[in-house]
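What you see is a predicted model; the values in this text were computed from it and never measured.
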Amino acid sequence: MFVVIGQDGHFCCTDDYALQEVQKSPLQPARRQQLEGLPRRLFTRALADGQEGLAHGVRHLFGRAACPDCGTDFSVAERVVAGWIP
């Protein structure tokens, strides 16, 4: 699963979107009121520093999406953590 948050948009896909045309599923940003703990602090700090684009990205990171292949709903942040290779 590829999760994209940035200049190319806010979406997920199951193939490398940079190499070919792929089916994309939009990320659904978390509502401001839903952000708690670390996500709330990151969002608030980005806004306080005048980084509206970053704050917008934080909402998408802590939002939800659906797999474009099977439609399964998932937490974007949990999927990013699951795919993280230190």
Side-chain angles (χ1 to χ4, degrees):
M1 181 72 63
F2 292 83
V3 174
V4 178
I5 301 173
Q7 289 180 329
D8 291 334
H10 303 85
F11 61 90
C12 65
C13 55
T14 55
D15 289 312
D16 191 340
Y17 73 97
L19 299 177
Q20 60 190 350
E21 198 61 36
V22 297
Q23 184 177 356
K24 300 174 183 177
S25 179
L27 304 183
Q28 302 303 317
R31 293 187 179 124
R32 293 177 185 217
Q33 304 88 334
Q34 293 173 317
L35 295 173
E36 298 177 348
L38 178 61
R40 167 62 81 184
R41 290 193 346 247
L42 292 171
F43 177 76
T44 302
R45 182 80 245 174
L47 285 180
D49 290 343
Q51 298 294 320
E52 290 82 13
L54 179 58
H56 188 68
V58 167
R59 289 183 55 216
H60 282 85
L61 175 61
F62 292 100
R64 304 209 52 89
C67 174
D69 291 344
C70 69
T72 301
D73 181 71
F74 64 91
S75 160
V76 175
E78 288 176 9
R79 186 68 220 141
V80 170
V81 169
W84 185 262
I85 302 171

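- Nearest heavy atoms, Val4 versus Tyr17: CG2-CE2, 3.3 Å.
- Taking CD from Glu78 and CZ from Arg64, the interatomic distance works out to 7.0 Å, rounded to the nearest 0.5 Å.
- Scanning all heavy atoms of the two residues, the minimum distance from Gly57 to Ile5 falls at CA-CG2, 3.7 Å.
- Put simply, CD on Gln23 and OG1 on Thr14 are 7.5 Å apart, with the number rounded to the nearest 0.5 Å.
- Here the shortest heavy-atom pairing between Val76 and Leu61 reads CB-O, 3.4 Å.
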Would you give me the side-chain donor-acceptor pairs under 3.5 Å for residues 40-50, sequence neighbours excluded?
| from | atom 1 | to | atom 2 | distance (Å) |
| --- | --- | --- | --- | --- |
| Arg40 | NE | Leu35 | O | 3.4 |
| Arg40 | NH2 | Arg32 | O | 2.8 |
| Thr44 | OG1 | Arg40 | O | 2.9 |
| Arg45 | NE | Asp49 | OD1 | 3.4 |
| Arg45 | NE | Asp49 | OD2 | 3.2 |
| Arg45 | NH2 | Asp49 | OD1 | 2.7 |

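- To the nearest 0.5 Å, the span separating CD on Glu52 from CG on Leu54 amounts to 10.0 Å.
- Atoms CG and CZ, from Leu27 and Arg79 in turn, are 13.0 Å apart once rounded to the nearest 0.5 Å.
- Each of Phe11 and Val80 belongs to its own hydrophobic cluster when Ile, Leu, Val, Met, Phe, Trp and Tyr are linked at side-chain heavy-atom distances under 4.5 angstrom.
- Between Ala66 and Cys12 the shortest heavy-atom distance is O-SG, 3.5 Å.
- Contact record, Phe74 with Cys67: CE2-N, 3.6 Å, taken as the closest heavy-atom pair.
- Counting non-hydrogen atoms of other residues, nucleotides and ligands closer than 6.0 Å to CD of Gln20 gives a total above 12.
- Between His10 and His60, the ring-plane angle classifies as parallel under the 30° and 60° cut-offs.
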